[in-house]
Amino acid sequence: GLEPAAWLEAVTLPHRVGDIEIDPSAVEPQVWVARQGKTRPDTLVFGPYATLDAGRYLAMFRVKRLDAGTGVLALLDTCVAGGKDRTGKREVRCEELPLGEWRYVPIVFDHPGGGYETRVLWSGAASLAVDVIPVWHVEPR
């Protein structure tokens, strides 16, 4: 079973690049966006540096490709707070995300306990919006 552990809104997380935009099709109307040709490739969102108990978790990154592009769009990952130990990762290619449609990209990870981060490392291959990142504790059966 799954138990809710965190509800992360992209606009409330720390950012190195990008801007807030309004998207009525998003779960939260305010989303965080990197625009191809305007935003430099970098970490789009990271954090929250909150604590989680030790255990297995599922992070669901809700993202949308906003224009044409090919190749690696972003590296999504989870890690111990501070980026020291990566606990899960998933490379997302432009071809995996239908243009203009929100998709959840899952990452299952084992957390040792303590502070954690979820990160979206944007490549610049196409414009990208990030909505929410729900995190679920995976309960052993």
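Heads up: numbering here begins at 1 and tracks the sequence. Computed from heavy atoms alone, side chains included, the values below leave out hydrogens, waters and symmetry copies.
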Fill in: Test salt bridge (Lys or Arg N to Asp or Glu O under 4.0 Å) applied to Asp23 - qualifying residues, sequence neighbours left out
Lys64
Discussion item. Using 0.5 Å steps for rounding, measure from the CD atom of Gln30 to the CD atom of Glu21.
Written reply: 11.0 Å
Worksheet item: Who are the side chain to side chain contact (heavy atoms under 4.5 Å, CB included) partners of Ala6, not counting sequence neighbours?
Response: Leu8, Tyr116, Val135
Item to complete: Sequence neighbours left out, what passes side-chain hydrogen bond (donor to acceptor under 3.5 Å, both in side chains) with Ser127? Give chain and number order.
Response: Asp67
Discussion item. Ignoring hydrogens, what is the shortest heavy-atom contact between Ala125 and Cys94? Give both atom names and the distance.
Written reply: CB-SG, 3.9 Å
Practice prompt. Answer yes if the side chains of Thr78 and Thr87 hold a donor-acceptor pair under 3.5 Å, and no otherwise.
Written response: yes
Fill in: Under the ring pair (Phe, Tyr, Trp, His ring centres under 6.0 Å) test, residues paired with Phe46 that sit two or more places apart
none
Worksheet entry | Ala10 backbone acceptor or donor facing His15 side chain under 3.5 Å | yes
Worksheet item: What orientation do His111 and Tyr57 show, parallel under 30°, tilted 30 to 60°, or perpendicular over 60°?
Response: perpendicular
Worksheet item: Considering only heavy atoms from C-beta outward, does the side chain of Glu139 approach that of Leu2 to under 4.5 Å?
Response: no
Practice prompt. Measure from the side-chain N and O atoms of Thr43 to the backbone N and O of Arg16, and report whether any donor-acceptor pair falls under 3.5 Å.
Written response: no
Worksheet entry | Which residues share a salt bridge (Lys or Arg N to Asp or Glu O under 4.0 Å) with Glu95, sequence neighbours left out | Arg93
Worksheet, complete the sentence: Between Ala126 and Ala68 the two heavy atoms that sit nearest each other are CB-O, 3.6 Å
Worksheet item: Other than Leu75, which residues form its hydrophobic cluster under the rule that side-chain heavy atoms must be closer than 4.5 Å?
Response: Leu121
Item to complete: Not counting sequence neighbours, which residues clear salt bridge (Lys or Arg N to Asp or Glu O under 4.0 Å) with Asp42? List them please.
Response: Arg40
Worksheet item: Listed by chain and number, what are the salt bridge (Lys or Arg N to Asp or Glu O under 4.0 Å) partners of Arg65, not counting sequence neighbours?
Response: none
Worksheet, complete the sentence: Minimal heavy-atom distance between Ala26 and Val31, with the atoms involved, is CB-CG1, 3.5 Å
Worksheet item: Of all residues at least two apart in sequence or in a different chain, which pass the side chain to side chain contact (heavy atoms under 4.5 Å, CB included) check with Arg90?
Response: Val92, Glu96, Val105, Pro106, Ile107
Worksheet item: So how far is it from Ile20 CD1 to Ile22 CD1, rounded to the nearest 0.5 Å?
Response: 6.0 Å
Discussion item. For residues 124-133, which residue pairs pass the salt bridge (charged side-chain N to carboxylate O under 4.0 Å, His left out) check, not counting sequence neighbours?
Written reply: Arg62-Asp131
Worksheet item: Any chain of hydrophobic side-chain contacts (each under 4.5 Å) joining Val45 to Val63?
Response: yes
Discussion item. Taking the side chain as everything from C-beta on, heavy atoms only, tell me whether Leu44 gets closer than 4.5 Å to Leu128.
Written reply: yes
Item to complete: I would like to know whether Leu76 and Glu91 meet side chain to side chain contact (heavy atoms under 4.5 Å, CB included); could you show each step before the answer?
Response: CA-CA 6 Å; Leu76 312 178; Glu91 194 175 82; over 6 Å; no
Fill in: ILVMFWY clustering at 4.5 Å (side-chain atoms), partners of Val80
none
Discussion item. I want to check something: taking the side chain as every heavy atom from C-beta on, are Phe109 and Cys79 in contact at a cut-off of under 4.5 Å?
Written reply: no
Worksheet entry | Flag, side chain of Glu117 to backbone of Gly83, donor-acceptor distance under 3.5 Å | yes
Worksheet item: With sequence neighbours excluded, what pairs up with Pro98 under the side chain to side chain contact (heavy atoms under 4.5 Å, CB included) test?
Response: Glu101, Arg103
Worksheet item: Between Ser25 and Trp102, is any side-chain donor less than 3.5 angstrom from a side-chain acceptor?
Response: yes
Discussion item. For residues Leu97 and Val120: do they belong to one hydrophobic cluster (side chain heavy atoms under 4.5 Å, members Ile, Leu, Val, Met, Phe, Trp, Tyr)?
Written reply: yes
Discussion item. Quick check for you: to the nearest 0.5 Å, what is the distance between Asp77 atom CG and Phe61 atom CZ?
Written reply: 6.5 Å
Worksheet item: Is a side-chain donor or acceptor of Thr39 paired with a backbone partner of Ala34 at a separation under 3.5 angstrom?
Response: no
Discussion item. Do Trp7 and Leu13 land in one hydrophobic cluster if side-chain heavy atoms of ILVMFWY residues count as linked below 4.5 Å?
Written reply: no
Worksheet item: Do Val130 and Val17 share a hydrophobic cluster (ILVMFWY, side-chain heavy atoms under 4.5 Å, transitive)?
Response: yes
Discussion item. Nearest 0.5 Å, please: how far is CH2 in Trp32 from CG in Asp19?
Written reply: 6.0 Å
Fill in: In one Ile/Leu/Val/Met/Phe/Trp/Tyr side-chain cluster, 4.5 Å: Val27, Leu58
yes
